[in-house]
Novice: 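Following this message is one structure expressed as structure tokens.
Atoms within a ligand are numbered from 1 in the order they appear, just like the ligands themselves. All residue numbers in this chain count up from 1 along the given sequence.
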Amino acid sequence: MLKVIFFQAHPDDLEFYCGHLMHYLASKSQYIVKIASLTKGEFGLPGAQYDKFKGKVLAKIRTQEVVNALKLHGIPSQNIEFFGYIDGFVEFNRELVDHISNYLQKEKPAIIFAPEPLYTFYYHKDHINIGKAVFYVVFNQLIDFIPTLYFYSSLQSNFYFGFRKKDIQLTRKLIACHKTQAWLMSPLMMSYKPMMRLYGRKLRKWKYAEGYRRVFFHFPEKNKPSLFARILSHFFYSHPQWYQAKYPQNVLEKLKKSKKL
Ligand SMILES: [Zn+2]
């Protein structure tokens with residue numbers, strides 16, 4: 001059995017980027033699919049009018065939403081592990097690196113998927129720091145095995161997983177599980193089809209595809225970004241406000257007092 005671990009910052013992250021590949025792997029008996037969710041997305045609602053739901057209430061709802069989505073893949077709810085970080089405050093530090101390396105040492109996955117930390121169109125701090133930490137752990141051999149590492153949401157894809165046009169229905173179903181995120185997912189869904197079509201052009205047999213970047217540890221020259229990836233990532237990097245969530249003031253103060261910030 002080959003173990004595959006998907007890291008995500010928030011409960012809905014994998015649906016857009018990895019839904020089809022996860023579905024395929026979960027349907028094959030030779031793979032065991034696990035999900036490492038660093039936060040429960042407890043601040044993922046726009047505007048002050050939702051402040052009373054942010055925190056524990058939203059965390060509980062979103063945990064159920066991701067469990068419902070996993071059911072569509074046939075992945076049991078015990079295969080998801082929540083790391084307990086706070087949505088919007090995942091820092092790249094010793095604690096995160098140790099947490100991830102201990103987890104990977106225990107699980108020993110053959111393949112890892114994580115958010116792209118370098119050449120990405122999604123500059124959310126949580127995403128970037130998780131990708132960085134996973135890379136750091138594998139690159140510095142803090143674990144006693146060498147897994148294959150792929151990044152999703154990358155501008156420098158070099159591996160494609162194809163699917164049919166009618167399979168987009170699966171993505172719609174997965175996204176529908178995340179009811180609290182409809183405000184964000186519905187507009188994003190408009191870009192989904194053209195993006196997957198673009199990736200699909202890389203494959204002969206499939207019209208649509210998910211794009212991933214495999215990290216080549218033994219051939220560093222293969223990791224070099226294209227000019228396109230460099231320019232675009234710089235563009236997204238200069239607009240971090242697009243990815244900043246709005247946190248209720250009282251929560252921020254409480255967190256500061258508890259020294260969690
Ligand atoms: Zn996210």
Novice: What angle sits at the Zn ion (ligand 1) between OD1 of D13 and NE2 of H127, to 10°?
Specialist: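 Once rounded, the angle between the two atoms at the Zn ion (ligand 1) is 110°.
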
Novice: Looking only at N, O or S atoms, which one in H10 sits nearest to the Zn ion (ligand 1)?
Specialist: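 The Zn ion (ligand 1) is closest to the H10 atom ND1, counting only N, O or S.
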
Novice: Spell out, yes or no, whether V33 and L104 are grouped together once hydrophobic residues are joined by side-chain heavy atoms under 4.5 Å, including indirect joins.
Specialist: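 Different hydrophobic clusters.
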
Novice: Compare all side-chain heavy atoms of I100 with those of F83 and state whether any distance is below 4.5 angstrom.
Specialist: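 I100 vs F83: side chains touch.
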
Novice: Taking N, O or S atoms only and a limit of 2.8 Å, check whether D126 reaches the Zn ion (ligand 1).
Specialist: no

Novice: Are side-chain heavy atoms of L2 and Q30 found at a separation under 4.5 Å?
Specialist: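 No; the side chains remain at least 4.5 Å from each other.
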
Novice: Can you tell me if, anywhere in H124, an N/O/S atom lies at a distance from the Zn ion (ligand 1) that is smaller than 2.8 Å?
Specialist: no

Novice: I need the single residue from H20, H23, E210 that forms a side-chain hydrogen bond (donor to acceptor under 3.5 Å, both in side chains) with T171. Which is it?
Specialist: H20

